[in-house]
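A quick write-up on the structure given underneath.
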Amino acid sequence: MIIGYTSGVYDLFHIGHVNILRNAKSMCDKLIVGVTIDELVSYKGKQPVIPYHERIEVVRACRYVDVAIPQNNMDKAAAAKKCQASYLFVGDDWYATEKWQQHENELAEVGCKVIYFPYTQGTSSTLINTTLNHLRNNNTDNI
């Protein structure tokens, strides 16, 4: 059985999330998805719009996901080893970055290969949140 792993915040779930999960599932028998806990998101200097307990349920509801688990830290190799993943899937916006070259080396040591998928241009949770904030501010001005 081929096991795949990917992780993310999955805040304001959008088509980019669906694309990576669909592509990942097409390459493995079992797809395990790590959903970043709120405390880890905050550590990265961001604040999720949707709380963790709701984000993980949205991910679990996606038909491409076999198992959704908490992502408590950024140790990709430990997660892959724990899940016995053959592949770790990520967007190609990370390709050839110093950070991901290090991840690739660490993952190779536990027998896991990184597969990069095309990043979905034109959408992101940050863009959606910025747009919503802009719309809210404009609506407040008209009251």
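The chain is numbered in sequence order, starting from 1. Because the structure is predicted, anything quoted here is derived from the model rather than measured.
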Non-hydrogen atoms of V41 and P48 that approach each other most closely: CG1-CD, 3.5 Å
For K25, all residues meeting salt bridge (charged side-chain N to carboxylate O under 4.0 Å, His left out), sequence neighbours excluded: D66
Check against side-chain contact (heavy atoms from CB on, under 4.5 Å), I2 and Y87: CA-CA 8 Å; I2 299 172; Y87 299 116; 3.6 Å; yes
Same apolar cluster: V65 and I3, side chain cutoff 4.5 Å: no
Verify same cluster id: V9, W94 (apolar side-chain graph, 4.5 Å): no
Minimum side-chain heavy-atom gap E104-Y116 below 4.5 Å: yes
Minimum heavy-atom distance V110-A80, with the two atoms named: CG2-CB, 4.5 Å
V114/W100 under side-chain contact (heavy atoms from CB on, under 4.5 Å): CA gap, chis, key distance, verdict: CA-CA 9 Å; V114 177; W100 274 90; 4.3 Å; yes
Pairs involving residues 74-86, ordered by first then second residue, that meet salt bridge (charged side-chain N to carboxylate O under 4.0 Å, His left out) (sequence neighbours left out): none
Contact summary for L31 and L21, nearest pair of heavy atoms: CD2-O, 3.7 Å
Heavy atoms of other groups near Q84 CD, more than 12 under 6.0 Å: no
N73 CG to E39 CD distance, which is reported to the nearest 0.5 Å: 12.5 Å
Sidechain-backbone polar pair: T36 side chain, G8 backbone, donor-acceptor under 3.5 Å: yes
Donor-acceptor contact present, side-chain D11 to main-chain V49, <3.5 Å: yes
Check against side-chain contact (heavy atoms from CB on, under 4.5 Å), Y5 and I69: CA-CA 10 Å; Y5 178 79; I69 61 174; 4.1 Å; yes
I50 and L12: CA distance, side-chain angles, deciding distance, side-chain contact (heavy atoms from CB on, under 4.5 Å) verdict: CA-CA 7 Å; I50 308 297; L12 301 173; 4.3 Å; yes
Joint hydrophobic cluster, I15 plus V35, side-chain heavy atoms closer than 4.5 Å: yes
Check: V59 and H17 side chains under 4.5 Å, non-hydrogen atoms: no
For the student: nearest non-hydrogen atoms of K30 and V67, plus distance: CE-CG2, 3.7 Å
Shortest non-hydrogen separation from C112 to L88 and the atoms involved: SG-N, 3.5 Å
Minimum heavy-atom distance S7-Q71, with the two atoms named: OG-OE1, 2.7 Å
Point-to-point distance, once rounded to the nearest 0.5 Å, from CD1 of I37 to OH of Y52: 8.0 Å
Y64 atom OH, over 12 foreign heavy atoms within 6.0 Å: yes
Single-linkage hydrophobic cluster, 4.5 Å side-chain cutoff, M74 and I20 together: yes
V18 with M27, same ILVMFWY side-chain cluster at under 4.5 Å: yes
Check: F89 main-chain N/O paired with T6 side-chain donor or acceptor under 3.5 Å: yes
